[in-house]
Each structure stands twice: as structure tokens, then as C-alpha cells.
Amino acid sequence: SAVISQKPSRDICQRGTSLTIQCQVDSQVTMMFWYRQQPGQSLTLIATANQGSEATYESGFVIDKFPISRPNLTFSTLTVSNMSPEDSSIYLCSVNPGQGQNIQYFGAGTRLSVL
Amino acid sequence: QKEVEQNSGPLSVPEGAIASLNCTYSDRGSQSFFWYRQYSGKSPELIMSIYSNGDKEDGRFTAQLNKASQYVSLLIRDSQPSDSATYLCAVWASKIIFGSGTRLSIRP
């Protein structure tokens, strides 16, 4: 498995501001992912964070709104830009440690409320 | 569109009974199958993985896979109140796809 540290754990932000969420893993991992989970809903993949190159975004998510950095194999950030109340959600970092089993582990999540 | 389908529940099971959670998937090329447990306000936690047809047991949990029927299930024996959570089925075929989850409630 992998130990994933995500911070902040929660935040309350004003409309129009930006928040950067950090994800740190205790070992080098090839694949890191960012998900959003709105209240009562399942997980929605925002993007795959690629080390050394631009993130791969899913349909409906764009880099201007959710810029992602992946400077090395243990760290990534997700920024939620120009926030609106509709961005209130839980944001989750996830990693696939490799080893051929396609398993993903999750960080504890960031609970974001936008006023 | 690759899909993973689950009954949203809630599924109510008496304490000590067997809880049966089901999931179907659309992509026949799927290779890996997972069950995650998510408590309210917490992140998903992997509880079972299964890769080949048949049953896989781990403590009170048994995962069952039938690739011909594109069906995967999770059985929880001797259900406890602490098993009350949402259970997410996930299927990997080039990327992982999550179902919408089944809410399980264990009643004393």
C-alpha cells in the first residue's frame, strides 16, 4: 500500500479565490489522480497527474479551472481556481503504486466549502 | 461509455446476517475488480481485490467474480454495525471506473 498525506483537510473559502491542495506520498508512484466527490455522489475523476508533463484531464474539467502540478514521483498539487459555491465538494488524491495490480489508494480528502 | 452499475440502496441487514452487495460492469476487457468501503465523511478504503473468476475470501469478506456474466459481488458474513457504510465497486480496464455505491445499514 501507500501512505498518502493530503492537506488541508478542510477549508472554507470565499467566492472568486483559489485554493491549492497538496498530496504527498511516502514512496515513488507512477500514477497519481485527483477526484471530486460531491455530497451523496460517487467519485468523479478530474485528471491524471503526470510527472514531468501536463496533466490529462477528463471530459468536463479544464486546466484553467483545475491546474495540476506533479514536480516529482511523490508529490502533486491541485488548485481549484476562481471558486464558486458549485465547487464545494470533497477533493481526493489517489495513487496507484504500480506492481501490476492496478490498485488505487486514497488520501483522506479535502473538504472544501465555498461561500 | 464504460459503466459500473450498483444498486444505490439503502440495503438494510440485521446484525449477524450475511450482507450481499452486487455490481455489474459493461467492459468485457476489464481485468481487475475492487471493493472499497467508505464511511460517511471519510475517503474510500480498499477492502477487497479480485482478478480471476471464482471466490476470494478475506476474514468476513468474500468477493465473487463471474467474468462471463460481467458480475462481481461482495458478501459480508456476520454483519456488524461497524459495517454500515457505502460500498463502492470499482473495475479496471485501462483506467479504474467506480460505481455509484451501495449504502449498507446493519440494524441491531
Side-chain angles (χ1 to χ4, degrees), chain A residues 1-10 21 23-25 29-50 55-61 78 88-113, chain B residues 1-10 21-27 29-52 56 58 61 63 65 67 72 84-105:
Chain A
S1 65
V3 177
I4 305 167
S5 301
Q6 188 175 336
K7 58 182 182 182
S9 59
R10 59 176 63 232
I21 302 168
C23 180
Q24 178 77 52
V25 192
V29 296
T30 305
M31 306 189 76
M32 295 181 76
F33 308 90
W34 288 99
Y35 287 83
R36 182 172 73 182
Q37 188 173 33
Q38 295 183 307
Q41 303 295 314
S42 189
L43 303 167
T44 300
L45 179 63
I46 297 172
T48 302
N50 302 309
T56 303
Y57 289 85
E58 297 298 306
S59 175
F61 297 95
L78 168 74
S88 297
S89 189
I90 298 173
Y91 292 85
L92 293 153
C93 171
S94 178
V95 306
N96 178 339
Q99 302 164 355
Q101 293 183 313
N102 304 317
I103 292 175
Q104 284 184 216
Y105 298 97
F106 288 86
T110 297
R111 185 181 295 270
L112 171 63
S113 297
Chain B
Q1 177 86 8
K2 299 175 183 177
E3 293 182 344
V4 177
E5 301 284 346
Q6 295 181 255
N7 189 319
S8 62
L21 304 162
N22 304 313
C23 171
T24 59
Y25 59 94
S26 62
D27 188 346
S30 300
Q31 302 171 18
S32 309
F33 307 85
F34 310 98
W35 284 98
Y36 288 82
R37 178 177 62 200
Q38 186 173 26
Y39 292 114
S40 180
K42 301 294 185 183
S43 63
E45 171 194 10
L46 178 71
I47 55 172
M48 290 290 287
S49 60
I50 186 166
Y51 301 93
S52 55
K56 179 182 178 182
D58 184 0
F61 299 99
L65 175 61
K67 289 186 178 180
V72 58
S84 297
T86 296
Y87 288 81
L88 301 169
C89 174
V91 175
W92 190 90
S94 75
K95 70 177 183 180
I96 200 164
I97 306 293
F98 287 89
S100 57
T102 297
R103 194 153 47 94
L104 175 66
S105 175

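Only a predicted model underlies this, so the values are computations on that prediction, with no experimental measurement involved. So you know, we letter chains A, B, ... as the sequences are listed, proteins then strands, and number each from 1.
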Requested in this report: Tell me, for Glu45(B) versus chain A, whether the close heavy atoms (under 4.5 Å) come from the side chain, the backbone, both or neither.
Outcome: neither
Requested in this report: May I ask you to name which of Gly41(B), Ser32(B), Pro44(B), Ser49(B) has the most heavy-atom pairs under 4.5 Å with chain A?
Outcome: Pro44(B)
Report task. Can you sort out the partners of Glu3(B) under salt bridge (Lys or Arg N to Asp or Glu O under 4.0 Å), two or more places apart, ordered by chain and number? Result -> none
Query - Neighbourhood of chain B inside residues 102-111 of chain A, taking heavy atoms under 4.5 Å as contact - result: Asn102(A), Ile103(A), Gln104(A), Tyr105(A), Phe106(A), Gly107(A), Ala108(A), Arg111(A)
Can you list, pair by pair, the side-chain donor-acceptor contacts under 3.5 Å of residues 85-101 of chain B, counting residues two or more places apart and other chains?
residue: Tyr87(B); atom: OH; partner: Asp83(B); partner atom: O; Å: 2.7
residue: Lys95(B); atom: NZ; partner: Glu58(A); partner atom: OE1; Å: 2.6

Query - chain B contact via Tyr35(A) - side chain, backbone, both or neither, heavy atoms under 4.5 Å - result: side chain
**Report entry** side-chain hydrogen bond (donor to acceptor under 3.5 Å, both in side chains) against Trp35(B), all qualifying residues, sequence neighbours excluded
**Finding:** none
Query - Enclosure of Lys67(B) NZ (heavy-atom neighbours >12, cutoff 6.0 Å) - result: yes
Query raised in the report: So which part of Gln37(A) gets closer than 4.5 Å to some heavy atom of chain B, the side chain, the backbone, both or neither?
Result: side chain
